[in-house]
Amino acid sequence: MGRIQRKKRNHHARRDISRAARTRARKLDYDQRHENALDASKRANLEAPTELDPDKAGLGMFYCVECDRHFPNSNDRNAHLASKLHKRIAKKVLTEKPYTHEEALRGAGIGVDNKQRNSDRIEAEQE
């Protein structure tokens, strides 16, 4: 007779969730990237910084504004700019408008209540 095998102990994909929640490699939010890509002065400052930053790859000299990524050299940045992933993200950032705070609140059901749902119920109760 064999033993009954107990269930394996798995991570249940929790490792990836904790990796995504880290703030060490946090990127800018979509609305911030949209603003940086469309504002000419911000874009110029990000693409050609006046000061070198030793904490960033390539001292912060080689930067993709749409993807919010720093690269170690110009060859890597040029390869990224030619990639399908960059083109897809750049098209989305440049064409789609980000949601405003008010739209996000309305999507969550928070905002002006014009009592349309309650008025239908009240009318049905009165009849």
Side-chain angles (χ1 to χ4, degrees):
M1 288 190 121
R3 289 185 151 192
I4 297 174
Q5 199 159 15
R6 70 175 198 212
K7 185 179 175 183
K8 291 183 180 180
R9 295 180 181 168
N10 296 348
H11 285 286
H12 300 290
R14 292 174 192 262
R15 188 179 102 210
D16 297 331
I17 293 171
S18 62
R19 279 186 183 171
R22 282 190 297 203
T23 57
R24 179 177 59 103
R26 178 146 168 80
K27 292 188 176 190
L28 293 176
D29 290 330
Y30 179 73
D31 58 339
Q32 293 170 321
R33 289 188 293 162
H34 180 78
E35 185 179 328
N36 289 344
L38 294 182
D39 189 5
S41 63
K42 285 185 181 181
R43 186 179 189 101
N45 288 338
L46 290 170
E47 289 179 340
T50 55
E51 298 178 6
L52 301 179
D53 189 359
D55 294 333
K56 296 177 182 168
L59 300 176
M61 294 294 294
F62 310 104
Y63 180 69
C64 176
V65 176
E66 292 87 3
C67 301
D68 185 36
R69 287 185 63 188
H70 291 275
F71 297 95
N73 55 35
S74 62
N75 291 338
D76 291 341
R77 182 177 184 270
N78 293 337
H80 166 75
L81 293 177
S83 70
K84 186 182 281 190
L85 178 66
H86 168 77
K87 290 177 184 176
R88 191 179 309 138
I89 292 172
K91 181 179 179 183
K92 182 179 177 185
V93 167
L94 294 174
T95 57
E96 294 180 9
K97 289 181 66 178
Y99 288 112
T100 62
H101 186 67
E102 291 78 25
E103 288 174 323
L105 291 176
R106 278 187 269 144
I110 302 170
V112 178
D113 186 15
N114 54 12
K115 302 188 188 232
Q116 289 177 345
R117 291 162 290 163
N118 293 340
S119 64
D120 294 339
R121 187 177 41 175
I122 292 170
E123 289 175 9
E125 291 174 358
Q126 290 176 353
E127 293 175 357

> Do L85 and V93 share a hydrophobic cluster (ILVMFWY, side-chain heavy atoms under 4.5 Å, transitive)?
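Shared cluster, yes.
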> Taking only residues two or more places apart in sequence or in another chain, which ones pass side chain to side chain donor-acceptor pair (under 3.5 Å) with K42?
E35
> What distance separates F71 CZ from L81 CG, expressed to the nearest 0.5 Å?
7.0 Å
> Taking only residues at least two apart or on different chains, which pairs with a member in residues 78-91 satisfy salt bridge (Lys or Arg N to Asp or Glu O under 4.0 Å)?
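Sorted result for residues 78-91: empty, none.
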> According to salt bridge (charged side-chain N to carboxylate O under 4.0 Å, His left out), who are the partners of D29, at least two apart in sequence or on a separate chain?
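Listed in chain order: R26.
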> Once rounded to the nearest 0.5 Å, what's the spacing between atom SG of C67 and atom CG of L28?
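Output value for this atom pair is 11.5 Å.
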> Is the closest side-chain heavy-atom distance between E47 and R77 below 4.5 Å?
yes
> Write down the atom of A37, the atom of R43, and the distance for their closest heavy-atom approach.
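Taking A37 first and R43 second, the nearest heavy atoms are O-NH1, 3.3 Å.
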> To the closest 0.5 Å, what do you measure between CD1 (I89) and CG (L94)?
11.5 Å
> Shared ILVMFWY cluster between Y99 and Y30, side chains joined below 4.5 angstrom?
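In one cluster with Y99: Y30, no.
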> Among residues at least two apart in sequence or on other chains, which ones pass side chain to side chain donor-acceptor pair (under 3.5 Å) with R69?
none
> Of all residues at least two apart in sequence or in a different chain, which pass the ring pair (Phe, Tyr, Trp, His ring centres under 6.0 Å) check with H34?
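By the ring pair (Phe, Tyr, Trp, His ring centres under 6.0 Å) rule, H34 matches no residue at all.
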> Show the nearest heavy-atom pair for residues E103 and P98, with the distance to one decimal.
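Closest approach of E103 to P98: OE1-O, 4.2 Å.
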> Measure across Y63 and D68 and return the closest heavy-atom pair with its distance rounded to 0.1 Å.
OH-OD1, 2.5 Å
> Run the side-chain contact (heavy atoms from CB on, under 4.5 Å) test against K56 and tell me which residues pass, sequence neighbours left out.
D53, H70
> Rounded to the nearest 0.5 Å, what's the gap from CD on E51 to CG on N45? Could you check?
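It comes to 11.0 Å.
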